[in-house]
Amino acid sequence: MTKPEITALLDLGDDYLQRYQDGTPIKKVLKDRTQINLFFEDSTRTRTSFELAGKRLGADVINMIVSSSSIKKGETLIDTAMTLNAMRPSALVVRHSASGAAALLAQKVTCSVLNAGDGSHEHPTQALLDALTIRRRKGQIEGQIVAICGDILHSRVARSNIHLLNTMGARVRVIAPPTLMPPFAENLGVSVHHDMREGIADADVVMMLRLQTERMQGAFVPSTSEYFHYYGLDAKKLAHAKDDALIMHPGPMNRGVEIDTVVADDIDRSAIQDQVETGVAIRMACLDALCNGPLP
Ligand code: ASP
């Protein structure tokens, strides 16, 4: 996405968030439309917020439960999507463990496809909601030093955030042990750090990521307690960032592994709950923009 496209989606999301917070009525721009959520991987925040987003805009939302559907009987991803497409939904929201799954489906079906996470590749609506959270809390994205720390190698959240934040003019750093850093990470336009204190020095935003153990084969860190010692965010390490640094985490959090409870629950600096609320508004913006035509 280009900077103007991202900005337009953030503006629309901001408007939806404001309306919801003020109690201003929201136009049911998806009335009589059907949205199908097709999640092949577990999800709490993303699935619920896509469901809420569709419902707040008046859509009929259907959640496909993969464990009780024909997928369990061996139907392929494309056959499932084609079957659902024949029911003429306006939008298909897809999460799948394979990188590229959403893009593949988008070529096969006639409705809009929203990527709710494809393997370790991308999680675009997460990056958009993170960007809106930063913009609302910091006033702007451009020029902010954003330190993304944790399992960069397996994280789709990291990849989408790097693309988006770079496009919007932020200065992005990634911090991880060598085993959890993608090879040639600097080619993504970020500065690469293995020392947490160095990586978060003077950062405006510290974004923590979970160890994606479901995507690991073998041990990538010696132990979770050693990992926390070197890479877990606690007050001592956070002291290296700016005094008003924002703490972010896409969830689910593993307290005591990548983040200390006191830091995660710091009501002044933690934006973790804001991220969840902003997620609904951003997904409303994405559904509206994709189902009702191009953004201004
Ligand atoms: N919820 C995010 C994702 O689906 C981050 C995570 O699972 O750690 O990628």
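Ligands are counted one by one from 1 in listed order, and the atoms in each one are counted from 1 as well.
One finds a salt bridge joining R135 and D11 here, because a Lys/Arg side-chain nitrogen approaches an Asp/Glu carboxylate oxygen to under 4.0 Å. K138 and E142 are not joined by a salt bridge, as no carboxylate oxygen comes within less than 4.0 angstrom of a charged side-chain nitrogen.
R95 and H123 share a side-chain donor-acceptor pair at under 3.5 Å. Between the side chains of R215 and S120, no donor-acceptor pair is found at a separation under 3.5 Å.
For ligand 1, the protein residues within 4.0 angstrom (heavy atoms only) are R95, H123, R156, V157, R210, Q212, G251, P252.
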Next item on the list: Please lay out, stage by stage, how L10 and I141 fare under the test side-chain contact (heavy atoms from CB on, under 4.5 Å).
Entry: CA-CA 11 Å; L10 298 184; I141 299 167; 3.9 Å; yes
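Cation-pi geometry between K237 and F228 is met: under 6.0 angstrom from the ring centre, within 45 degrees of the axis.
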